[in-house]
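The sequence lines fix the lettering, A, B, ..., with proteins before strands; numbering per chain opens at 1.
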Amino acid sequence: MKFSIYNSLTNQQESFTPIEKGVVKMYSCGPTVYDFAHIGNFRSFLFGDLMRRSLELGGFAVQHVMNITDVGHMVEGEDDKMLAAASRVKENKKSGRVPEGAIQDPNDPYQIADFYTNAFLEDSRKLAYKVAYDYPASVPKATDYIPGMIEMIEVLIQRGHAYVSSDGVVYFSVESFPEYGSLSGNTMDKLQSGAGGRVSDTNQSMKKHPADFLLWKPDQKHIMKWESPWGVGYPGWHIECSVMAKAVLGQSRIDIHTGGEDLIFPHHECEIAQSCGCSGESHFANYWVHARFLFVEGEKMSKSKGNFFTARDVLEGKVTGKPVHPAVLRFELIKSHYRSNMNFTVKGLTDSAATITKLIDFRAMLESKTGGKSAEVDLSHPVLGDFSNALADDLNIAGALGVMHNWLKTDHRDAELSLAILKKMNSVLSIAPINEGTDGVEVAADGGQHGDGDAQAEDWRQQMVDARKNKDFATSDQMRDKLVDAGYDVQIGKTDVTIKKKLA
RNA sequence: GGCGUCGUGGCCAAGUGGCUAAGGCAGCGGAUUGCAAAUCCGCGAUCGUGGGUUCGACUCCCACCGACGCCUCCA
């Protein structure tokens with residue numbers, strides 16, 4: 001099927017042609033595991049997931065790889081990230097977000113990285129981030145690829161793309177790679193050195209060019225360090241992605257590379273320089289695709305503003321005051337176009353919950369009507385054709401959802417066909433139920449939150465039923481208020497009362 | 001300063017050089033209900049501002065206003 005993608009490399013939408021027919025090699029920049037991943041991280045990750053699943057719906061075999069950055073790039077001036085991570089861990093231990101005993105020694109970066117890697121995978125699977133189910137095969141960790149990084153740095157030095165400076169640090173020489181800047185549009189002379197306010201002058205003086213970036217830094221004192229031809233030290237940040245993409249995807253040139261828009265420069269620019277400098281290929285990835293930032297209630301998310309939320313904050317109800325079903329959060333994060341800033345709001349979450357509830361109920365209706373049997377259907381079906389065509393058009397998710405909603409309103413007498421269509425749609429959306437089609441942990445359609453209530457709620461429900469038998473509407477209404485306050489939807493039938501926990 | 005994205009009803013958000021500008025949520029009216037909820041039916045926008053191109057633009061071009069991102073380790 002014809003797919004088109006907005007390519008950051010050319011700043012235009014291009015029709016997608018993979019290197020190998022029918023196969024897509026795709027790499028996404030993953031998290032740094034020194035804290036819980038936040039909803040902004042997941043917005044970007046789930047956009048990659050949506051792209052992968054859309055391509056799969058379109059018939060491509062997608063090999064998707066995402067890295068885990070567990071190398072500490074932490075000893076740099078005032079911003080000692082290790083210290084920050086350690087104190088954060090201590091804080092989190094106090095507040096209970098990190099269970100007692102989970103990290104024995106908060107000063108051991110490996111323990112911290114391990115803990116947050118597992119937390120990330122757990123969150124990812126809850127949110128149906130497909131690649132997380134293929135850990136570790138498709139989710140490599142940087143610390144496992146240090147030899148590969150050293151090897152690539154050696155090649156870069158041999159090929160004249162890197163040099164060892166007078167203080168022993170290995171830098172990539174941007175002047176040796178004329179294409180440097182082609183992705184971000186930054187050209188060498190226009191790069192205002194230090195405009196981001198993040199470079200220290202002392203480091204700059206050792207470089208041949210201000211834009212040269214670090215490949216290896218010898219540093220005995222660094223908390224994570226490895227042997228290398230340039231002394232004991234640690235690798236630069238960018239090199240890991242170049243190495244792991246090649247190692248795990250098995251080729252120097254890949255089809256798609258995704259990430260947050262902030263990674264365009266310098267990270268992805270540097271990846272291109274390293275990978276192409278090493279391989280001699282004209283491209284590292286043929287298509288570079290970037291997601292824009294997520295805002296919270298109209299403001300940029302930041303810890304100082306108090307609107308900084310991790311995925312588990314949202315799921316646990318720290319944002320809405322009530323637990324949020326993973327499908328609701330997933331839907332909220334994927335339902336707006338990746339190239340628009342998305343505004344994360346409580347209202348949006350409520351909206352999403354309404355859609356999820358509707359879909360889950362619809363699915364349940366179809367399941368019960370068909371006994372779970374579904375028909376054979378493919379993209380030649382007009383509804384699925386429209387749905388997939390929308391997604392194939394640079395991931396037009398809103399268009400696809402419009403198709404879905406219009407279809408929901410149509411006749412569903414052929415329930416087996418409708419179930420088949422819904423399943424196909426859900427293979428991309430993965431919300432009703434969440435995690436359909438993924439191996440591994442299966443989360444129930446209702447996540448255990450949509451069925452009968454707890455003992456207290458059940459008691460109120462029973463009281464309602466009893467009161468209604470006697471036409472005691474006052475008591476019935478009282479119980480209903482309690483249930484509604486407790487976050488239940490209450491439906492009164494002819495003889496029975498059913499309750500459902502709200503999804504958000 | 002450089003590079004880039006964007007501006008459609010209360011909110012979210014598609015789309016097209018020309019028949020009635022998708023869809024969702026919220027809201028309003030009605031059916032239903034003991035009252036609700038759920039469900040069903042019905043109702044709202046001329047597309048940031050000002051020019052230009054054109055028989056005709058919200059859709060193409062220009063200017064302006066506004067929002068936002070990146071410019072050395074934040075997705």
Look at all strands and tell whether A/Asn341 reaches a base, only sugar-phosphate, or nothing, counting heavy atoms closer than 4.0 Å. sugar-phosphate
Considering every strand shown, what is the Watson-Crick or G-U wobble mate of B/C47 when both distances are under 3.5 Å? none
Give the rounded distance in Å between these two atoms: CD of A/Glu297 and P of B/A67. 20 Å
Most 5' of A/Ser184 and A/Pro31 on RNA chain B, judged by nearest nucleotide: A/Ser184
Inter-nucleotide P distance (B/C64, B/C55), Å rounded: 28 Å
Rounding to the closest angstrom, what is the interatomic distance between B/U59 and B/A21 at atom C1'? 11 Å
In whole angstrom, what separates A/Tyr338's OH from B/G69's C1'? 15 Å
Would you please say whether a donor-acceptor pair under 3.5 Å links the side chains of A/Gln13 and A/Ser4? yes
Under 4.0 Å, counting only non-hydrogen atoms across every strand here, what does A/Leu294 touch: a base, just sugar-phosphate, or nothing? base
Separation of the C1' atoms in B/G27 and B/C12, to the nearest angstrom: 15 Å
State whether a side-chain donor-acceptor pair under 3.5 Å links A/Tyr27 with A/Asn67. yes
Dump the intermediate steps for side chain to side chain donor-acceptor pair (under 3.5 Å) on A/Asp70 and A/Thr143, then the final yes or no. CA-CA 6 Å; A/Asp70 60 347; A/Thr143 50; 2.6 Å; yes
With respect to A/Asp496, which candidate in A/Arg461, A/Lys469, A/Arg468 satisfies the salt bridge (Lys or Arg N to Asp or Glu O under 4.0 Å) definition? A/Arg461
Please report the distance separating the C1' of B/U53 from the corresponding atom of B/G15, rounded so that it comes out in whole Å. 23 Å
Taking B/U5, B/A14, B/A13 as options, the one with an atom nearest any side-chain atom of A/Asn11 is B/U5
Strictly below 4.0 Å: does A/Asn343 bring a side-chain N or O up to OP1 or OP2 of B/C11? no
Watson-Crick or G-U wobble partner for B/U54, using a 3.5 Å limit on both distances? none
A/Lys300 near the nucleic acid: base, sugar-phosphate alone, or nothing, with a heavy-atom cut-off under 4.0 Å? sugar-phosphate
Whom does B/C6 pair with, Watson-Crick or G-U wobble, provided both distances fall under 3.5 Å? B/G66
Once base and sugar-phosphate atoms are separated, protein heavy atoms under 4.0 Å mark nucleotides 22-38 of chain B, 5' to 3', with B, S and - as BSBB--------BBB--
Can you tell me, in whole Å, how much space there is between the P of B/G7 and that of B/C11? 15 Å
Under 4.0 Å between a side-chain nitrogen and a carboxylate oxygen: does that hold for A/Glu332 and A/Lys335? yes
Keeping to residues at least two apart or across chains, list the ring pair (Phe, Tyr, Trp, His ring centres under 6.0 Å) pairs with something in residues 286-305 of chain A. A/Phe16-A/Tyr287, A/His257-A/Trp288, A/His268-A/Trp288, A/His268-A/His290, A/Phe284-A/Trp288
Would you check if there is a donor-acceptor pair between the side chains of A/Asp477 and A/Thr475 at a distance under 3.5 Å? no
Whole angstroms only, please: what is the CD-P distance between A/Glu261 and B/U5? 12 Å
Report the C-alpha separation of A/Trp407 and A/His381 in whole Å, then their side-chain angles, then the decisive distance to 0.1 Å, and conclude whether the ring pair (Phe, Tyr, Trp, His ring centres under 6.0 Å) test is met. CA-CA 12 Å; A/Trp407 169 71; A/His381 188 284; 8.1 Å; no
As its Watson-Crick or G-U partner within any shown strand, both distances under 3.5 Å, B/U39 has B/A31
Starting at CG of A/Leu263 and ending at P of B/A75, how long is that distance when rounded to a whole Å? 7 Å
Hunt down the Watson-Crick or G-U wobble partner of B/U59, both distances under 3.5 Å, from any strand shown, or write none. none
What does A/Phe344 touch in the nucleic acid at a heavy-atom separation under 4.0 angstrom: a base, only the sugar-phosphate, or nothing? nothing
Counting only Watson-Crick or G-U wobble pairs whose two distances fall under 3.5 Å, which nucleotide matches B/A26? none
When all nucleic acid strands are considered with a 4.0 Å heavy-atom cut-off, which category describes A/Phe295: base, sugar-phosphate, or nothing? sugar-phosphate
Under 4.0 Å between any heavy atoms, over every strand shown, what does A/Gly40 touch: base, sugar-phosphate, or nothing? Just pick one. base
Say you pick atom P in B/G34 and the same atom in B/U16; how far apart are they, in whole Å? 49 Å
For atom C1', what is the distance between B/A13 and B/G30, given to the nearest Å? 28 Å
Flag the pair A/Glu261 and A/Arg339 as a salt bridge only when some basic side-chain nitrogen lies within less than 4.0 angstrom of an acidic carboxylate oxygen. no
For the pair A/His209 and A/Tyr171, evaluate ring pair (Phe, Tyr, Trp, His ring centres under 6.0 Å) and give the outcome as yes or no after the intermediate values. CA-CA 10 Å; A/His209 185 281; A/Tyr171 288 109; over 10 Å; no
Base, sugar-phosphate or nothing for A/Arg292? Non-hydrogen atoms, less than 4.0 Å. base
Taking the nucleotide of RNA chain B with the nearest heavy atom to each, does A/Gly259 or A/Phe213 sit closer to the 5' end? A/Phe213
Indicate, with a heavy-atom threshold strictly under 4.0 Å, whether A/His38 touches base, sugar-phosphate, or nothing. base
If the C1' atom of B/U8 is compared with that of B/C58, how far apart are they to the nearest Å? 8 Å
Starting from C1' on B/A75, measure out to CD1 on A/Ile334 and report it in whole angstrom. 17 Å
